[in-house]
Number of protein chains: 2
Amino acid sequence: MSRADQPPHGDGPATGRRERARLRREEIILIAAGMFAERGYRGTSLADVAARAGISEPGLLHHFGNKAGLLLAVIERRDLDSEAFAMELLGMEPADRLRALPEFARRNRHRTELAKLFTVLVAESLEPDAPGHGHFVARYRAMRAIVADTIRSAQRTGLTRAGLDPEAKAAEIIATLDGLQTQWLLDPEAVDIVAAIEAYARTLERDLTGS
Amino acid sequence: MSRADQPPHGDGPATGRRERARLRREEIILIAAGMFAERGYRGTSLADVAARAGISEPGLLHHFGNKAGLLLAVIERRDLDSEAFAMELLGMEPADRLRALPEFARRNRHRTELAKLFTVLVAESLEPDAPGHGHFVARYRAMRAIVADTIRSAQRTGLTRAGLDPEAKAAEIIATLDGLQTQWLLDPEAVDIVAAIEAYARTLERDLTGS
DNA sequence: ATTCACTTACCGAGCACTAAGTAAGTAAAG
DNA sequence: CTTTACTTACTTAGTGCTCGGTAAGTGAAT
């Protein structure tokens with residue numbers, strides 16, 4: 001035991017081989033995310049990803065086990081990105097949260113690829129046996145719960161009218177933002193996503209407060 | 001020229017071989033539509049469709065030329081279905097049209113497969129070089145134009161408040177209906193699509209008339 | 001006689017994935 | 001400090017299978 005201070009599986013400060021591999025993995029995930037966004041999970045082959053990442057196909061599989069494993073890694077990574085914002089949201093006062101909702105979508109505008117990835121993967125995950133299905137189901141439920149909770153809080157303080165169903169309205173808000181994004185991704189020239197979201201923000205404010 | 005009374009390309013009353021082939025084609029299109037809805041265009045192979053249709057793979061290709069041809073046939077068929085409703089819509093008075101909008105979505109509920117097909121294919125057509133891209137772009141533009149036109153008419157008669165942008169509101173309405181549908185397709189147990197659409201219909205009515 | 005809706009047989013390419021090995025780094029023992 | 005044992009991050013080669021599509025023919029209707 002000359003210097004076995006680090007446990008075999010811990011994420012200590014080792015900057016050697018392990019760390020280099022982790023960085024490589026991260027790089028591959030980013031590359032795969034971009035390709036999944038453009039051509040879908042089914043439309044992207046491991047060979048495509050491997051070639052773009054400058055690694056062999058079995059080298060890829062060494063890191064992720066199989067293709068579904070790569071998809072899950074991509075999804076997890078995407079979640080990590082948006083989780084930061086969710087935390088931000090939950091740390092705010094309900095009144096401010098409502099105003100921050102359009103900002104959420106506005107941010108995605110600068111990250112087209114991420115938005116496209118989400119839209120494409122959700123569509124490919126509609127069937128219950130799809131590799132990402134469970135994950136997206138859970139994710140949407142969580143999103144609706146967060147928004148619904150925000151609405152309920154706002155109702156308690158009287159900021160939002162009591163007449164509406166928080167769960168239904170949450171689904172509706174998320175639906176509108178998703179749907180606008182899809183139209184914009186499909187036809188960016190015809191749909192001004194910023195204007196559309198800002199218009200919706202006004203609609204929403206009037207709707208929630210009761211005109 | 002013993003009895004070439006029918007033009008080669010017309011859709012005359014011929015009930016012979018041509019007609020039987022047309023029916024077969026139609027049957028295949030329906031089968032393919034169902035499979036595209038469930039597994040996507042990319043996730044469905046010609047062999048899958050051929051097997052389910054009880055025809056050989058080259059037999060399939062005889063009818064549709066290639067896989068993209070089959071996709072276009074499916075899309076065209078879908079359009080034919082919904083065109084009937086669009087005509088219905090346009091034949092109504094603007095005031096009634098607005099009330100019919102939720103009905104539009106409500107109909108789709110009874111045709112889950114068609115809804116799923118649309119959602120899946122749009123996501124697979126986001127990239128400009130996808131086989132169905134141009135079609136869906138045109139289709140969304142047409143849908144927005146119809147809804148926007150309806151709103152403008154309603155504004156002229158004073159039924160709808162003048163303060164809103166018809167184009168933006170049209171995109172928003174379509175977005176919400178699409179988005180709700182996606183959430184429902186992903187997780188039917190958690191999302192009551194009927195209740196959600198009816199709630200939205202009320203929201204919309206209040207929004208359009210100005211409370 | 002010709003057309004047409006198909007069939008069987010086949011093609012090369014691409015698919016996800018595996019087997020088996022290698023070179024380099026790491027950990028413990030002498 | 002060196003040797004030895006092991007792990008890890010890959011590689012080349014190849015697996016069986018599926019993919020969309022083609023060539024060439026067949027048999028029935030026109």
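Here is the naming used below: chain letters follow the sequence lines, and residue numbers restart at 1 for every chain.
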For residues 28-35 of chain B, run the donor-acceptor check on the side chains, cut-off 3.5 Å, and write out each pair with its distance to 0.1 Å, sequence neighbours left out.
none

Which donor-acceptor pairs under 3.5 Å do side chains of residues 122-132 of chain A form with protein atoms, sequence neighbours excluded?
{"unit_1": "Glu124(A)", "atom_1": "OE1", "unit_2": "Tyr41(A)", "atom_2": "N", "d": "2.7"}
{"unit_1": "Glu124(A)", "atom_1": "OE2", "unit_2": "Tyr41(A)", "atom_2": "N", "d": "3.4"}
{"unit_1": "Glu124(A)", "atom_1": "OE2", "unit_2": "Arg42(A)", "atom_2": "N", "d": "3.0"}
{"unit_1": "Ser125(A)", "atom_1": "OG", "unit_2": "Leu121(A)", "atom_2": "O", "d": "2.6"}
{"unit_1": "Glu127(A)", "atom_1": "OE2", "unit_2": "Lys116(B)", "atom_2": "NZ", "d": "2.9"}

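Using a 4.0 Å cutoff on non-hydrogen atoms, no part of residues 122-133 of chain B comes near DNA chain C. Of the residues in residues 21-39 of chain B, none lies under 4.0 Å from DNA chain D by heavy-atom distance.
A search for side chain to side chain contact (heavy atoms under 4.5 Å, CB included) contacts involving Asp81(B) returns Arg77(B), Arg111(B), Leu114(B), not counting sequence neighbours. Lys67(A) is linked by a side chain to side chain donor-acceptor pair (under 3.5 Å) to nothing, counting only residues two or more places apart in sequence or in another chain. Applying the salt bridge (Lys or Arg N to Asp or Glu O under 4.0 Å) test to Asp48(B) and every residue at least two apart in sequence or in another chain returns Arg39(B). Partners of His63(A) by side chain to side chain donor-acceptor pair (under 3.5 Å), not counting sequence neighbours: none found. A search for salt bridge (Lys or Arg N to Asp or Glu O under 4.0 Å) contacts involving Glu38(B) returns nothing, not counting sequence neighbours.
Screening residues 169-185 of chain B for salt bridge (charged side-chain N to carboxylate O under 4.0 Å, His left out) gives Lys169(B)-Glu172(B), Lys169(B)-Asp207(B) as the qualifying pairs, with residues at least two apart or on separate chains. Listed by first and then second residue, the salt bridge (charged side-chain N to carboxylate O under 4.0 Å, His left out) pairs involving residues 180-190 of chain B are Arg141(A)-Asp187(B), Arg144(A)-Asp187(B) (not counting sequence neighbours).
As rounded to whole Å, 14 Å separates atom C1' of dT8(C) from atom CD1 of Ile55(B). The NE2-P distance, from His62(A) to dT8(D), rounds to 8 Å in whole Å. Following rounding to the nearest Å, Glu19(A) (CD) and dT8(D) (C1') show an atom-to-atom distance of 15 Å. Atom CG in Leu70(A) sits about 15 Å away from atom C1' in dC15(C), given to the nearest Å. One can place CG of Leu71(A) at 14 Å from C1' of dA16(C), the figure rounded to the nearest angstrom. Between the C1' atom of dG25(C) and the CZ atom of Arg18(A) lies a distance of 12 Å, rounded to the nearest Å. One can place CG of Leu60(A) at 11 Å from C1' of dC10(D), the figure rounded to the nearest angstrom.
Phosphate contact (OP1/OP2 of dG14(C), side-chain N/O of Ser45(A), threshold under 4.0 Å): absent. At dC10(D), one or more side-chain N or O atoms of His63(A) fall inside 4.0 Å of OP1 or OP2 (strictly under the cut-off).
For the pair Tyr200(B)/Ile173(B), a side-chain contact is recorded, criterion being any heavy-atom separation below 4.5 Å from C-beta on.
Note on Ser56(A): a base of the nucleic acid sits closer than 4.0 angstrom, heavy atoms only.
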Protein-nucleotides 21-25 of chain D N/O pairs under 3.5 Å:
{"unit_1": "dG21(D)", "atom_1": "OP2", "unit_2": "Lys67(B)", "atom_2": "N", "d": "2.8"}

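Ion pair Arg202(A)/Glu205(A) not flagged as a salt bridge, since none of the NZ, NE, NH1 or NH2 atoms sits closer than 4.0 Å to an Asp/Glu carboxylate oxygen.
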